[in-house]
Amino acid sequence: MVQVVQLLVYGLQVGSIYALLAIGYTLVYGIIKMINLAHADFMMLGAFTALFLCQWLTSSGVVLWLSILIALLTMAIVGLIGVFVERVAYKPLRNRPTLSSLVAAIGVSMFLQNFLRCVPAVGPTPQAFPVMFTSGSLSLGPITVSAIQIVVIGVSCVLMAFMQFLVSKTAIGKQMVAVSCDKDASALMGINVNKVISITFCIGSALAAVCGILYASVYPSIHVYMATTIGNKAFISAVLGGIGNIKGAMLGGLLLGMIEVMLQSFDSSISYGASFVILILVLLYRPAGLLGTTVTEKV
């Protein structure tokens, strides 16, 4: 029983990162019905941005207040990059066929990875990520929870709760819901559709940046291709929960993380492939996801 609880804690840690990244996928899809395959690369940008800020701001240990400052600056920088990418690469294709946006997203992903690979300060070689949070652990009887697990789960829960509040209780959240339902009607009602879409990309990119910091704090070695695997897992999480549904993205990420960890305890070689088996089963038997709703399109 103790081992199961310990695995659940680790599953929550992994699933929290999946869930945060999946929210970005589901936000963009919910607003403009686009699958932004380059979204996970903003996680990589967040990790490297935090690394450079750490090197620039300190030459010794990173204290708590400095870690928070670095995280906020990283979110702001990567969020602005997300807005820039949307304006340059995606906005001109907004009224084109879906395939055009999909190809553009693949192009953005390849450009970000290979451009940074050529930058001398980044390069193709993995780099060590600094310790941004205190080490140590908390013992709850026979259960041991590390400090980084507490940080990852805690920060993820706070951000997920904030996103739910933002969408359901604030004016910009209600505008996002309106634009996701009908962009033309929203524009007629006085909503600035372009502004809402830019804010959506900014929020999604900022969340991905936080994922990059949390992931790099758990696995302190970062490189330009680090987001490929976790990006696939986050996308599967969004589909599992119901892409376009924020609560579904949270649920899908947490479920996938715990399923993977449980499978790893039996056989680590099958855990990665199990994610894609889950994706196939969901698409076959529940295409709308666990919390998604089936939409009928008139033709």
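The shortest heavy-atom contact between Gly204 and His39 is O-CE1, 3.1 Å. The minimum heavy-atom distance between Ile213 and Ala50, with the atom names listed, is CG1-CB, 3.8 Å. Shortest non-hydrogen contact noted between Val224 and Gln113 is O-CG, 3.6 Å. Listed here is the closest heavy atom pair of Ala38 and Val108: CB-CG1, 3.7 Å. Here the closest non-hydrogen pair linking Ala185 and Asp182 is N-OD1, 3.0 Å. Nearest approach of Ser217 to Ile148, heavy atoms of both residues: CB-CD1, 3.6 Å.
Remark: the backbone N or O of Tyr225 is paired with a side-chain donor or acceptor of Thr228 at under 3.5 angstrom. Judged purely by atom type and a 3.5 angstrom limit, Ser100 has no side-chain atom pairing as donor or acceptor with the backbone of Leu93. Looking at Thr26, its side chain does come within 3.5 Å of a backbone N or O of Gly244 through a donor-acceptor pair.
Annotation: side chain of Lys33 is not in contact with side chain of Thr98 (no heavy-atom distance under 4.5 Å). Contact check for Met250 versus Leu20: no side-chain heavy atoms found under the 4.5 Å cut-off. Two residues are said to be in side-chain contact when any heavy atoms from C-beta on lie closer than 4.5 Å; Leu37 and Ser109 fail this criterion. At a threshold of 4.5 Å between non-hydrogen side-chain atoms, the residues Ser275 and Leu256 count as touching. Put simply, the side chain of Leu279 does not reach to within 4.5 Å of the side chain of Leu240, judged on heavy atoms. Between Thr125 and His223 there is no side-chain heavy-atom pair separated by less than 4.5 Å. By the 4.5 Å heavy-atom criterion applied to side chains, Pro287 and Val282 are not counted as neighbours. Under the 4.5 Å side-chain criterion, counting only non-hydrogen atoms from C-beta, Val218 is not in contact with Gln149.
No continuous path of ILVMFWY side-chain contacts below 4.5 Å connects Met189 to Val177, so the two sit in separate hydrophobic clusters. Neither Val88 nor Met34 shares a network with the other; the hydrophobic side chains, linked directly or stepwise wherever heavy atoms of I, L, V, M, F, W or Y lie under 4.5 Å apart, form separate groups for each. Following chains of ILVMFWY side-chain contacts shorter than 4.5 Å, one cannot reach Phe165 starting from Ile23, and the two form parts of different hydrophobic clusters. Hydrophobic clustering of Ile, Leu, Val, Met, Phe, Trp and Tyr side chains at less than 4.5 Å, counting indirect connections, unites Ile280 with Tyr285. Leu188 and Met176 fall into different hydrophobic clusters, where Ile, Leu, Val, Met, Phe, Trp and Tyr side chains are chained together by heavy-atom contacts under 4.5 Å.
For the atom pair CD1 (Ile77) and CG (Leu45), the distance works out to 10.5 Å, reported to the nearest 0.5 Å. The distance from the CG atom of Leu251 to the CD1 atom of Ile246 is 14.0 Å, given to the nearest 0.5 Å. In this structure, CD1 in Ile236 is found 8.0 Å from CD in Glu260, a value given to the nearest 0.5 Å. Of the inter-residue distances, the one linking Leu291 atom CG with Lys247 atom NZ reads 8.5 Å to the nearest 0.5 angstrom. Residue Cys202 holds its SG atom at 11.0 Å from CD1 of Ile81, rounded to the nearest 0.5 Å. In this structure, Phe52 CZ and Thr74 OG1 are separated by 11.0 Å, a value rounded to the nearest 0.5 Å.
Applying the side chain to side chain donor-acceptor pair (under 3.5 Å) test between Asn194 and each of Glu86, Arg94, Arg87, Lys183 identifies Arg94 as the sole match.
Taking the six-membered ring for Trp and thresholds of 30 and 60 degrees, Tyr219 and Tyr215 have ring planes inclined between 30 and 60 degrees apart.
For the 3.5 Å distance criterion, the side chains of Ser101 and Arg96 fail to qualify, holding no donor opposite an acceptor. No side-chain donor from either of Gln264 and Tyr10 sits under 3.5 Å from a side-chain acceptor of the other. Side-chain atoms of Gln127 and Ser221 include no donor-acceptor pair closer than 3.5 Å.
The number of heavy-atom neighbours closer than 6.0 Å to CZ of Phe276, taken from other residues, nucleotides and ligands shown, is above 12. Counted within 6.0 Å of CZ on Phe115, heavy atoms from surrounding residues, nucleotides or ligands total 12 or fewer; the atom is thus considered open.
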Margin query: Applying side-chain contact (heavy atoms from CB on, under 4.5 Å) to Leu8 and Met262, what does each step give before you reach the verdict?
Written below: CA-CA 8 Å; Leu8 286 176; Met262 290 299 178; 3.4 Å; yes

Check: Under the ring pair (Phe, Tyr, Trp, His ring centres under 6.0 Å) criterion, do Tyr25 and Tyr29 qualify, and how do the steps go?
Finding: CA-CA 6 Å; Tyr25 282 106; Tyr29 182 82; over 10 Å; no

Notebook entry, point to check: What's the verdict on side-chain contact (heavy atoms from CB on, under 4.5 Å) for Leu207 and Leu21, showing C-alpha distance, side-chain angles and the deciding distance?
Noted result: CA-CA 7 Å; Leu207 291 177; Leu21 199 58; over 6 Å; no

Checklist line | From CA spacing to verdict: side-chain contact (heavy atoms from CB on, under 4.5 Å), Leu116, Asp41 | finding: CA-CA 11 Å; Leu116 289 177; Asp41 292 292; over 6 Å; no

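In summary, the aromatic rings of Phe201 and Tyr90 are positioned with their centroids under 6.0 Å apart.
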